[in-house]
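Below: one structure, written as structure tokens.
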Amino acid sequence: MSDRIGVLSAGMVSAGGKTLAETWDFVNGDIGSLVTLPYHLGTTQRRAKVANLMALEYTGIKKIGERLFDIAVMAADQAVGVGNLDGICIGSTTDSYAAQEHGLPLENPLVVFLADRYRIPFHRFQFSNACASSSTAIAAGMDLIRSGRANTVLVGGADEVLASCIAAFDAVRIYGDECRPFDINRKGLTLGEGAAFFVLAKEGIGEPIAYLNGAGLTCDAKDEAAMDPYAIADAMVLAFIEAGDEKRDLGFICAHGTGTKANDEAEAWAIRLVYHHNVTPPVVSYKGALGHPQGASGAFGLALTIESLRRQTIFANFGILQDDPALHLFVPGTPVEAKMKSAMVLSHGTWGVDTALHVSLP
Amino acid sequence: MSGWAYLTDVEQVERREVPYRKMAMLACKRALEAENFKIPVIPIAGIVFVSRSGEKYPSEIWRKQAAIVRPTQFGSAILNSAAGYAAIELGLRGPQIVVVHGDAAAIAVQQIQQKRSQIMLICVDSLDDPVKPYMFAFVMRDRGSIGVG
């Protein structure tokens with residue numbers, strides 16, 4: 001069992017709200033956040049539904065290519081308080097794509113911008129592990145504190161919707177008109193954007209709002225895109241072991257839940273494997289409401305999971321209309337009050353990356 | 001640190017137009033073979049990949065493909081394609097981490113310290129080196145405490 005790491009604060013901005021509390025209320029509401037944006041696939045202009053920040057009357061945009069930085073700052077400013085930070089670990093997949101898409105030079109990565117802003121001189125890390133970027137960054141932040149090299153670390157992730165991203169997912173035929181995680185008629189994902197950041201601290205520092213107890217990082221080493229439930233299960237088990245949680249008594253699991261046939265099926269199978277095909281905890285995904293924020297997925301999941309634990313209410317799996325009996329999961333479509341102590345956040349990326357974060361209340 | 005491989009010339013690799021990610025895989029493979037590991041690697045091994053050119057090569061694919069996206073190029077345009085390809089070819093089931101900014105070796109050490117992996121490969125892409133572009137990989141394994149400064 002490794003040392004648990006305190007989460008002192010959290011900040012979030014998404015298509016559902018400018019703060020974590022707003023986003024949590026939005027996820028549990030009645031309307032989604034999808035707007036329709038044009039993009040090009042080849043020479044054809046198409047339109048796709050995305051969950052982007054335009055609905056928030058977001059006016060902080062500077063020039064094209066720096067939008068991601070503004071999104072990240074909006075969330076990070078909420079998390080960063082008074083006091084020094086010893087390190088920063090963030091994840092993002094669109095950091096350089098935005099610059100490339102608009103023909104801009106590749107400047108310093110996002111981490112340098114944020115580290116300069118918050119005066120973090122050392123231990124600056126940025127990761128790009130596809131959709132598991134931010135959860136990899138969060139795990140790295142935990143490790144940094146456990147190794148004794150830092151006492152407080154800013155961790156999280158940010159990503160923005162780009163036309164090229166929509167086109168890419170559409171080209172591999174997993175982009176849908178709406179996202180319905182774990183629904184029997186799910187047809188694909190929709191993209192979203194935003195950022196979520198946390199200040200992690202060594203146990204004994206400050207008053208944590210939650211604890212990160214364990215992280216599991218695995219790779220299925222099998223396929224570029226297809227997911228392997230055994231590797232996902234391995235990541236979950238590793239997180240349980242690191243957390244010293246033998247009973248695996250979770251309040252719920254915040255799944256990656258992209259709304260594609262393959263992802264949801266693989267995750268469901270993995271969860272059943274971990275629980276030996278017995279009763280599993282409720283499983284939810286926020287992506288029906290907020291879209292798939294790509295590299296910020298893990299950070300989004302952690303933020304909403306912490307908020308759910310604090311409120312003792314499992315957030316709703318927005319978008320599910322009809323259960324898929326083949327998945328054998330309990331996926332609540334409305335918020336569920338429950339007494340719970342801990343939860344797990346799953347996040348997976350292309351090229352076989354699987355992550356799991358074990359989080360609990362103080 | 002033990003076992004390393006140093007590919008200095010693109011033409012030394014099997015084909016002149018070997019893709020970027022295959023160079024990473026070959027460098028990792030030679031590092032593992034230098035350490036007498038058989039492929040696929042039986043102990044749990046992970047990989048930390050870092051590029052001194054930042055995100056240039058996959059991003060170039062992304063930029064070129066932004067207008068015409070081919071499904072077969074999707075994977076190559078993702079920034080962890082090199083690490084992922086090496087993981088598949090070499091059977092690396094441990095942590096797969098791509099560092100855009102920061103010390104890759106420190107990240108690798110932390111995976112071993114947290115017992116997530118017995119062996120970590122560190123692969124460094126320096127194809128942008130103006131004098132001698134190269135891809136470098138070495139194996140790190142747990143042999144007691146490893147200091148990181």
Side-chain angles (χ1 to χ4, degrees), chain A residues 2 40-43 89 92-93 95-97 99-101 103 106 108-112 123-130 133 136 139-140 142-144 146-147 149 162-164 167-173 215-225 231 234 238 241-242 349-353, chain B residues 40-41 44-47 49 53-56 58-104 106-107 109-111 113-117 148-149:
Chain A
S2 298
H40 283 92
L41 185 66
T43 56
C89 299
S92 177
T93 60
D95 189 4
S96 67
Y97 293 162
Q100 288 277 22
E101 187 171 281
L106 289 176
N108 279 328
L110 179 61
V111 67
V112 173
H123 306 309
R124 303 175 167 190
F125 294 91
Q126 182 166 330
F127 303 91
S128 188
N129 267 63
S133 299
T136 301
M142 293 166 63
D143 295 342
L144 199 56
R146 285 169 173 166
S147 69
R149 292 159 62 208
L162 300 173
S164 52
F169 282 108
D170 193 24
V172 293
R173 307 210 175 173
L217 306 178
T218 59
C219 172
D220 62 39
K222 279 188 179 174
D223 193 88
E224 172 184 331
D234 283 345
L238 285 174
I241 292 173
E242 202 171 287
T350 47
W351 292 101
V353 182
Chain B
V41 185
I44 297 296
I47 178 170
F49 181 86
S53 61
E55 305 166 344
K56 177 183 170 183
S59 294
E60 276 190 359
I61 298 172
W62 197 264
R63 177 175 56 81
K64 289 173 186 172
Q65 296 298 322
I68 304 173
V69 179
R70 298 188 180 87
T72 52
Q73 289 287 351
F74 178 74
S76 297
I78 308 286
L79 293 171
N80 64 326
S81 62
Y85 183 74
I88 290 173
E89 292 294 314
L90 304 174
L92 308 176
R93 291 181 55 93
Q96 183 208 117
I97 299 172
V98 175
V99 177
V100 172
H101 186 93
D103 182 356
I107 298 297
V109 166
Q110 286 172 352
Q111 306 313 308
Q113 287 178 333
Q114 293 301 320
K115 300 193 188 320
R116 296 192 192 116
S117 187
V148 176

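All values derive from a computational prediction rather than experimental measurement. Each chain gets a letter, A, B and so on, in the order the sequences are listed, and its residues count up from 1.
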Contacting region of [X] [heavy-atom separation from chain B under 4.5 Å]:
X      : result
A:A225 : neither
A:T218 : both
A:L144 : both
A:D223 : backbone

Is there side-chain contact between [X] and [Y], with heavy atoms separated by less than 4.5 Å?
X      : Y      : value
B:V99  : A:F127 : yes
B:Q114 : A:L217 : no
A:D143 : B:Q113 : no
A:W351 : B:I88  : yes
B:R93  : A:D234 : yes

Under 4.5 Å from any heavy atom of chain A, what part of B:I97 do you find: side chain, backbone, both or neither?
both
Heavy-atom proximity to chain A below 4.5 Å, by part of B:Y85
both
Which pair of non-hydrogen atoms, one from A:F125 and one from A:R149, has the smallest distance, and what is that distance?
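Closest approach of A:F125 to A:R149, heavy atoms only: CZ-NH2, 4.3 Å.
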In terms of heavy-atom pairs under 4.5 Å with chain B, which of A:G352, A:C219, A:C89 leads?
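Of the candidates given, the most pairs with chain B belong to A:C219.
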Looking at chain B, which one of A:S133, A:A215, A:A139 has the largest number of heavy-atom pairs inside 4.5 Å, strictly under?
A:A215
